[in-house]
Amino acid sequence: YEGFLQNLTEKCEAIVIATPYQLAFDYDAMAEAAAARFERTASQLTAEYPACTDLPVVAVGHSCGALLHALLACAGADYQACVLMSFNNKPISDAIPVPLPDAPRNLQLREFARSNIEAILADENIEETLKAAKAMLQNVGVDTSGSNPELAQKAAPVVSQFGPLLGSVVDGKKEFSISREEIFDRLSLAFPVQTLVVQFANDFTDDSNDLTNCIQLGGQEVQLLRFPGGHTSPLDPPVGGQRQERLSSNIASFLSGKDLGGVDTQDISALRDKFLRLSSGYNRGFGPLPPDDRAAINACIEELEALSGQTCQSGQDPDALTPKLAGKWRLIWATSPDVLLLTSLPLAECGEIRQEIRTPETQGKLKVVNSVELSPKGAGLLGATLPDVARALTVVSKVEATAVSSGGTLTLQLEKARLERATEPALPGLLQLLPPIELSTASSSVKLLTTFLDSELRIARSPLGDVFIFSRL
C-alpha cells in the first residue's frame, strides 16, 4: 500500500499510521489488537510532536481492514470519518475458493502442527523461514539466481499475517467467530461517523451495497463511490499509479465535504464508443493483440464498469436485473482462455457466439442457451460465391443451462449440450441426414458477475477476472 498511502498523505495533507494486523477467525480480537497497536503508535507520535495531539482521526481500511474499522467504529472508536474500501463480509465458503482441510484427529499431532506453523510464520522468524525455503528450492535444482535479494525482507510482513489463520485451520476452525448476520446487525444499529464506501466495479467478494444499506439504517451519512478495477485495485499495474492518485483525490474531496458527483450518461456513451473503436479488427479478442492495445482496451472496460448505474448488486432488489438480462446477445469480446481456444481448433473455424437468456420458467430461474457456430476450415471463403453451401456446412454447438440471478451474480447450472445444423440445407441431399447430436456434459456451475448493463451492452466477469462482453441483438 506504500504508493497509495503516499498519495493519501499528499492529497489529504495527512499523517498516515499504517497499522498491521494478523489474520484470524476472531474479528473482534483482530480489531482490538489493531486498535491497541494504533494507540501505542499515536501516543508515541503525540509525545514527540505535541502539535499532533488534537488532529482528527480518519479510519481508512481495505477488504478485511475495512471490516475491522467498521467494527471499531460501532464499538466507539474516536473516528471523525471512515473510508471503507472493498468491504468484505463473506463467510469462509465464499471468501476462500477451496474447501478447508479437516483437523488431524490426533490431538498431539494437531497441537504440534499448529504451534510449528505459527512459530515459523511469526514476525521474529519469518525472514529466516523464507530464506530457508529459498535454500530448499536451490537444493532440489530450482534456479533462484534471478530473485530479488530483498524479497524475503519485503514479503515477510505479508506472509507472517497468515500464521494465526493457518494455525486455526489446523486446530479445526472453519468459520469466523462472528456470523455475517451478526456483523450487519451491529452496523445497522448505529454507525456513529460519516462514511465513504468505495466499491471496486468487478470485485466478486464485494459487500459494499449491504454495508451502505446498514449504515443508512443507522441514520448516518454515507456516500458510495464506484471505482474501476477489482479487489486489489488501485494497486494493480499498469494503471495502478494513476488510480491511486484518483482515489486519493476522491477521498480528499469527501473529507473536505465536496460532492463526488454522479454518473454522466455522456461519459458512458463515449466510453462505449471508445471500446468499440479500440477493439475493432481484433476478432473479439481472438486475434493477436499488441500489449499497449490490450492495456488500453482493459482500462476502457474497467472505466465503463465503474460508470454502470444499472447493475443489480447485493443489497438491492434481486429481481431488478432479470428483465434487463433477458434477450438475445452476441459475444463481441472475451479474455477467457476457454473461449479463445476456439480459434485453435484444427479443422474448424469459429463463427458467431451467442447467448439467449429467457425469462424465468419457474420462479427465480432463467433459461440460458449458449451457442457457437462451427464450420470446416476454409468454408468462410465460400460465403461470397456459394453462401448456401457455406451455410449448409455450418453446425451449431448449443449448451443449455438454468440460471439464478442474485446480487449481480448470474449462477448457471449446465444441463445438456448438442450439435445441430445451423439451418435446413438449401441444397438437396447436403447434410440432409445429419440429426441433432446429443453431447455428454458434466453437471457443473459457472458464476458470472454482471459489471455493466444497459440497453446495448453487457459486461460480465468470471471469478478469475475473465471478461465477456455482449452486444444485444
Heavy-atom side-chain contact between D210 and R180 under 4.5 Å | yes

Classify the angle between the aromatic ring planes of H62 and H231 as parallel (below 30°), tilted (30 to 60°) or perpendicular (above 60°).
-> tilted

Shortest non-hydrogen contact from R186 toward C74 | O-SG, 3.9 Å

Atom pair OG (S471) and CZ (R284), whose distance is rounded to the nearest 0.5 Å = 12.5 Å

Backbone N or O of D206 within a donor-acceptor pair of the N88 side chain at under 3.5 Å?
-> no

Does any N or O in the side chain of N7 come within less than 3.5 Å of the main-chain N or O of Q244, such that one atom is a donor and the other an acceptor?
-> no

What heavy-atom pair brings G230 and N202 nearest, and what distance separates the two atoms?
-> CA-OD1, 3.0 Å

Going by heavy atoms in the side chains, are R354 and K328 under 4.5 Å from each other?
-> no

Using the side chain to side chain contact (heavy atoms under 4.5 Å, CB included) rule, pick out the option among V404, V446, L366 that qualifies with L410.
-> L366

Please name the pair of heavy atoms, one in R37 and one in P20, separated by the smallest distance, quoted to 0.1 Å.
-> NH1-CG, 3.0 Å

State the CD1-CZ distance between I332 and R458, to the nearest 0.5 angstrom.
-> 11.5 Å

Taking the six-membered ring of F227, is the NZ or CZ of R246 close enough (under 6.0 Å from the centre) and on axis enough (within 45°)?
-> yes

When you look at L71 and D28, which way does the side chain to side chain contact (heavy atoms under 4.5 Å, CB included) test go after all the steps?
-> CA-CA 8 Å; L71 292 176; D28 282 329; 4.3 Å; yes

Do R358 and V369 have side chains that get closer than 4.5 Å, going by heavy atoms?
-> yes

How long is the gap from CG on L45 to CD1 on I15, to the nearest 0.5 Å?
-> 5.5 Å

About how many Å separate OG of S249 and CD of E10, when rounded to the nearest 0.5 Å?
-> 10.0 Å

F468 side chain near Q355 side chain, heavy-atom distance below 4.5 Å | no

Name all residues meeting the side chain to side chain donor-acceptor pair (under 3.5 Å) criterion together with E39; count only those two or more places apart in sequence or in a different chain, and write none if there are none.
-> none

Just wondering, are more than 12 heavy atoms of other shown residues or ligands nearer than 6.0 Å to CG in D54?
-> no

Which atom names give the shortest non-hydrogen contact between S86 and F200, and what distance separates them?
-> CB-CD1, 3.8 Å

side-chain contact (heavy atoms from CB on, under 4.5 Å) against A81, all qualifying residues, sequence neighbours excluded | V58, Q194, F254, L255

With distance as the sole test, does T450 use its side chain to make a donor-acceptor pair with the main-chain N or O of L448 at under 3.5 Å?
-> no

Run the numbers on V57 and D78 for side chain to side chain contact (heavy atoms under 4.5 Å, CB included), then give the verdict.
-> CA-CA 7 Å; V57 176; D78 188 17; over 6 Å; no

Would you please classify the geometry between the F176 ring and the F25 ring as parallel, tilted or perpendicular, with 30° and 60° separating the classes?
-> tilted

Determine yes or no for a side-chain-to-main-chain donor-acceptor pair under 3.5 angstrom, with R472 supplying the side chain and S455 the backbone.
-> yes

Find out whether E182 and Y27 are in side-chain contact, i.e. whether some heavy atom of one side chain is under 4.5 Å from a heavy atom of the other.
-> no

Salt bridge or not for E415 and K365, using N-O below 4.0 Å?
-> no

Is there a side-chain contact between L271 and C300, using heavy atoms and a 4.5 Å cut-off?
-> yes

Any idea which heavy atoms bring F204 and P463 closest together, and the distance?
-> CE1-N, 3.3 Å

Value for CD1 (I215) from CZ (F191), rounded to nearest 0.5 Å, stands at 4.5 Å

Rounded distance (nearest 0.5 Å) linking atom CD1 of I357 with atom CG of N370 = 8.5 Å

Just by distance, do the side chain of R461 and the backbone of L449 share a donor-acceptor pair under 3.5 Å?
-> no

For side chain to side chain contact (heavy atoms under 4.5 Å, CB included), just list the numbers for F87 and T212, CA-CA rounded to whole Å, side-chain angles, deciding distance to a tenth of an Å, and then say yes or no.
-> CA-CA 10 Å; F87 179 87; T212 302; over 6 Å; no

With side chains defined as the heavy atoms from C-beta onward, is the minimum distance between I251 and L225 less than 4.5 Å?
-> no

Residues F184 and L211: closest non-hydrogen pair is CE2-N, 4.0 Å

List the steps, then state whether side chain to side chain contact (heavy atoms under 4.5 Å, CB included) holds for E400 with R418.
-> CA-CA 9 Å; E400 296 184 10; R418 68 181 184 276; 2.6 Å; yes

So do the side chains of T451 and L304 get within less than 4.5 Å of each other, counting heavy atoms only?
-> no

